[in-house]
Amino acid sequence: MTSGTVSGTAPGAAPGAAGTTGEPAARFRDLLAAEWLKLWSLRSTPWAYLVTALAVIGFNVGQAYDTYRYWTDESAGDADKFIRDGIPLAEAFTSNAVVIHLLAAGAIGAAAVAGEYGTGLIRTTFAAVPDRRAVMAAKAAVLAGVTTAFGAFVALVSFFSTQAILSGRDIGVSLDHPGAVRVVVASALLTPVAALVGMALGTLLRHMGSTLVATVAALLVLPMVISPDRYWSALIAHSLPYPAWRRLTEPGAHFEAYPWSEGGAWTVYALWALAAVAVTVFSVNRRDQ
């Protein structure tokens, strides 16, 4: 046996590196299962999703009920205009509800990583599976899957419940109404985008408090302080998830000083999600735990 090697291990190999113990590397599906169990083992997880769903759906239903309540017989003549202007779709997922939705989804994503760093459990995880990138990819995949399903549930329940209320005044619309599917899909997919952004910031900052502040600033504060009335600031605004959601869901949102397309808004969704996953996966090897 050549000096400097043990059982075929290359000189200088880390003692804990994969392959040095003779154990097979963890399969990705095993990592997914582990992250799934880890996610639902926290008592706060189901409560976080339940409270978020109730709050978001409650805001949307409350807006629809206000319209139903104050809709008078004199307003009946405006029903066609009400529907034509897209107001039923705007009430299917309101701006107030999406603010709560963004905050909650971002916090859920942040907790998925920052909480593990805070307790030190991440060290145990990486000791068991030295391939950090695979671990973080599994975390991102589980989070994306769960929040996408959750977002779809909330968006669909909000749509059907609000339209059922509005239909009591003959001003509700069905899912095959022009633009209805776009509103539901855009509202549903905003959930994983926000959650993945929170996870990426949690990976970088590793502290729950600072991660939440950064998530709120990126998802909510920045879009509010940037004016879409100037060219360069409009370009920045058009690259953010919340304005992208507005472009896809709100009537007349594209009639701004510098309009943009639906395709551009969908692209913003995709780029933010991909960038967040890339930060989560590839930044983890650059810092000690």
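Quantities reported herein were computed from a predicted structural model and do not represent experimental measurements.
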Is there a path of hydrophobic side-chain contacts, each under 4.5 Å between heavy atoms of I, L, V, M, F, W or Y residues, that connects [X] with [Y]?
X: Leu219; Y: Leu274; result: no
X: Leu190; Y: Leu240; result: yes
X: Leu212; Y: Ile100; result: no
X: Val213; Y: Val216; result: no
X: Val154; Y: Val51; result: no

Do the side chains of [Y] and [X] get nearer than 4.5 Å, heavy atoms only?
X: Phe150; Y: Thr52; value: yes
X: Phe282; Y: Met136; value: no
X: Lys139; Y: Thr280; value: no
X: Ser239; Y: Leu235; value: no
X: Tyr49; Y: Thr147; value: yes

Test Leu205 against Tyr117 for side-chain contact (heavy atoms from CB on, under 4.5 Å), laying out the working first. CA-CA 10 Å; Leu205 300 176; Tyr117 276 106; over 6 Å; no

Within the side chain of [X], is there an N or O that forms a donor-acceptor pair under 3.5 Å with the backbone of [Y]?
X: Ser167; Y: Asp170; answer: no
X: Ser41; Y: Lys38; answer: yes
X: Thr211; Y: Ala110; answer: no
X: Gln163; Y: Pro88; answer: yes
X: Thr148; Y: Gly145; answer: no
X: Ser233; Y: Arg230; answer: yes
X: Arg182; Y: Thr249; answer: no
X: Arg169; Y: Tyr68; answer: yes
X: Arg206; Y: Thr203; answer: yes

Going by distance alone, is a donor N or O of one side chain under 3.5 Å from an acceptor N or O of the other, for Thr125 and Glu116?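 Checked: Thr125/Glu116 side chains pair up, N/O donor to acceptor below 3.5 Å.
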
Any donor-acceptor pair under 3.5 Å linking the side-chain atoms of Asn60 with those of Thr94? yes

Between [X] and [Y], how do the two ring planes meet: parallel, tilted or perpendicular, split at 30° and 60°?
X: Tyr269; Y: Trp266; result: perpendicular
X: His101; Y: Phe93; result: perpendicular
X: Trp260; Y: His238; result: parallel

Do you know which two heavy atoms are closest between Ala188 and Pro192, and how far apart they sit? O-CD, 3.2 Å

For Ser161 and Ile57 the tightest heavy-atom approach is OG-CG2, 4.4 Å

Go through the steps for Ile108 and Leu143 under the test side-chain contact (heavy atoms from CB on, under 4.5 Å), then give the verdict. CA-CA 9 Å; Ile108 287 171; Leu143 180 71; 4.1 Å; yes

List the steps, then state whether side-chain contact (heavy atoms from CB on, under 4.5 Å) holds for Val99 with Ser95. CA-CA 6 Å; Val99 169; Ser95 295; 5.7 Å; no

Across all chains, not counting sequence neighbours, the side-chain hydrogen bond (donor to acceptor under 3.5 Å, both in side chains) partners of Thr67 are Glu91

For Leu50, the rest of its hydrophobic cluster, which grows through side-chain links under 4.5 angstrom: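 Taking Ile, Leu, Val, Met, Phe, Trp and Tyr as members, Leu50 shares its hydrophobic cluster with Trp47, Leu54.
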
Does Phe160 CZ have over 12 foreign heavy atoms under 6.0 Å away? yes

May I have all residue pairs that pass ring pair (Phe, Tyr, Trp, His ring centres under 6.0 Å) and include part of residues 168-212, sequence neighbours excluded?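 Every candidate ring pair (Phe, Tyr, Trp, His ring centres under 6.0 Å) pair involving residues 168-212 fails, so no pair, neighbours aside, qualifies.
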
Checking Lys81 against Asp78 for the salt bridge (charged side-chain N to carboxylate O under 4.0 Å, His left out) test, could you report, in this order, the C-alpha distance in whole Å, the side-chain angles of both residues, the deciding distance, and whether it holds? CA-CA 5 Å; Lys81 185 177 186 300; Asp78 298 328; over 6 Å; no

About how many Å separate CG of Leu204 and OG of Ser283, when rounded to the nearest 0.5 Å? 4.5 Å

Enter the distance from Thr162:OG1 to Phe59:CZ here, rounded to the nearest 0.5 Å.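 Thr162 atom OG1 to Phe59 atom CZ measures 15.0 Å (nearest 0.5 Å).
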
Show your working on side-chain contact (heavy atoms from CB on, under 4.5 Å) between Trp36 and Val146 and close with a plain yes or no. CA-CA 9 Å; Trp36 174 269; Val146 172; 3.5 Å; yes

